[in-house]
Amino acid sequence: MSRILQKLMAMYEAMRKHFGHRAWWPSQDGADTPEGKLEICLGAILTQNTSWRNVEAALDNLRAAGRLSLTDIDAMPPEQLAELIRPAGYFNVKARRLKDFAAAVRAAAGDDVAGFLDRPAETLREELLAIRGVGLETADSMILYAAGKPSFVVDAYTFRILVRHGLIGFDDDYASVKALFESSLPDDVALWNDFHAQLVETGKRFCKKRRPQCDGCPLEPFEHDPEAGMEYL
DNA sequence: ATCCTGAGCG
DNA sequence: CGCTCGGGAT
């Protein structure tokens, strides 16, 4: 139990030493403003199975068109919204998901995104998961990065890195991996924020799907097997 | 050709 | 469980 904590923190320190502080959406970027919170939520949906670079292009299109608001997204025809978010891929599906999200938030809190997010993490999580298009990872991303509340985000990189380092089995589900982090790590939003960002950076750069590049990886000194669960990850 | 900070449907 | 959605970067 405490051995897991030691190992996780050692891995975190190694990643952070290599990449520097990677915490996404610092307050300088306006993450604490209502507009910033909305943008993070929309981005969380747009980035599903999609690189962030392409999400930025979609958000830029929405901003340039002056439609980066809950009311506009709620009112816009799905075809028109799809055209604006085209660079993010899956644009027909995601247009519907953005509209479902906007409608759900408006129904629950009017146009007050911050108000919608301002409730206990557990309650907010249930509320988010009830929205079609918001799954486990997307909900946790919104809670951690937009609401600024503790909810550890587990993604494909997290699975891959932990499996290859023997900390979980490839058959472990989302909830158990999430619980591993949340029960081991100190309850610290800033830490969970940066930890997830470090895992993503490590996964993108080194712990790749097909051809893991262990050379130079900050986690290379830790016991690992780059072939572990290859056919499932 | 492969992958990207997935999720819903049949 | 397997399939689908998709443009953009490498």
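Scope of the values below: all heavy atoms of this structure, side chains included, with no hydrogens, waters or symmetry mates. All of these numbers come straight from a predicted model, not from anything done at the bench. Numbers restart at 1 for each chain; the letters A, B, ... are given by sequence-line order, proteins then strands.
Rounding to whole angstrom units, CG of residue A:N54 and P of B:dT5 are separated by 9 Å. Taking atom CG of A:D155 as the reference point, atom P of B:dC3 lies 16 Å away to the nearest angstrom. Atom P of nucleotide B:dA7 and atom CZ of A:F91 are separated by 20 Å, given to the nearest angstrom. Rounded to whole Å, the distance from CD on A:Q48 to P on B:dG8 is 8 Å. Distance A:F159 CZ to B:dG6 C1': 12 Å, rounded to the nearest Å. The separation between A:K204 atom NZ and B:dT2 atom P is 21 Å, rounded to whole Å. Whole-Å rounding puts the A:R132 CZ to B:dC9 C1' distance at 10 Å. Rounded to an integer number of Å, the gap from CG of A:D100 to C1' of B:dA7 is 12 Å.
Here the two rings, on A:F181 and A:F195, have centers that are under 6.0 Å apart. Here A:W24 and A:W192 keep their ring centres 6.0 angstrom or further from each other.
By the 5.5 Å and 30° criteria, A:W24 is stacked with the base of B:dT5.
Note on A:L199: nothing from the nucleic acid sits closer than 4.0 angstrom, heavy atoms only. Among the protein residues, A:V134 comes within range of the sugar-phosphate backbone only, with heavy atoms under 4.0 Å from sugar or phosphate atoms but none that close to a base. A:V200 comes within 4.0 angstrom of a nucleotide base, judged by non-hydrogen atoms across all strands. Among the protein residues, A:A88 comes within range of the nucleic acid bases, having at least one heavy atom under 4.0 Å from a base atom. Contacts of A:G135 with the nucleic acid, taken as non-hydrogen atoms under 4.0 Å apart, involve only primed sugar atoms and P, OP1 or OP2.
Taking 4.0 Å as the cut-off between side-chain N and carboxylate O, A:R97 and A:D100 do not count as a salt-bridged pair.
Each of A:L129 and A:S51 has a nearest nucleotide on DNA chain B; the 5'-most of these lies closest to A:S51.
In this model, the phosphate group of B:dG6 is not approached by any side-chain N or O of A:Y174 to a distance below 4.0 Å at OP1 or OP2. For B:dC9, neither phosphate oxygen OP1 nor OP2 lies less than 4.0 angstrom from any side-chain nitrogen or oxygen of A:R97. Checking the phosphate oxygens (OP1, OP2) of B:dC3, a side-chain nitrogen or oxygen of A:R210 falls inside 4.0 Å. Neither OP1 nor OP2 of B:dT5 sits under 4.0 Å from any side-chain N or O of A:T158.
The distance from the CZ atom of A:R16 to the CD atom of A:E201 is 13.5 Å, given to the nearest 0.5 Å.
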| field | Residue pair A:E227, A:R164: steps toward the salt bridge (Lys or Arg N to Asp or Glu O under 4.0 Å) verdict | value | CA-CA 7 Å; A:E227 300 295 318; A:R164 289 176 179 170; over 6 Å; no
| task | Check the pair A:H196, A:Y12 against ring-ring contact (aromatic ring centres under 6.0 Å, His included), reporting the backbone distance first and the verdict last. | result | CA-CA 9 Å; A:H196 173 68; A:Y12 170 68; over 10 Å; no
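With B:dT5, C:dG7, B:dA7 as the candidates, the nucleotide lying closest to the side chain of A:T138 is B:dA7. For A:R86, the listed nucleotide lying nearest its side chain is C:dG7; candidates were C:dG7, B:dT5, C:dT10. Taking every side-chain heavy atom of A:R53 into account, C:dT10 is the closest of B:dT5, C:dG7, C:dT10.
Separation of the P atoms belonging to C:dT10 and B:dT5 is 12 Å when rounded to the nearest angstrom.
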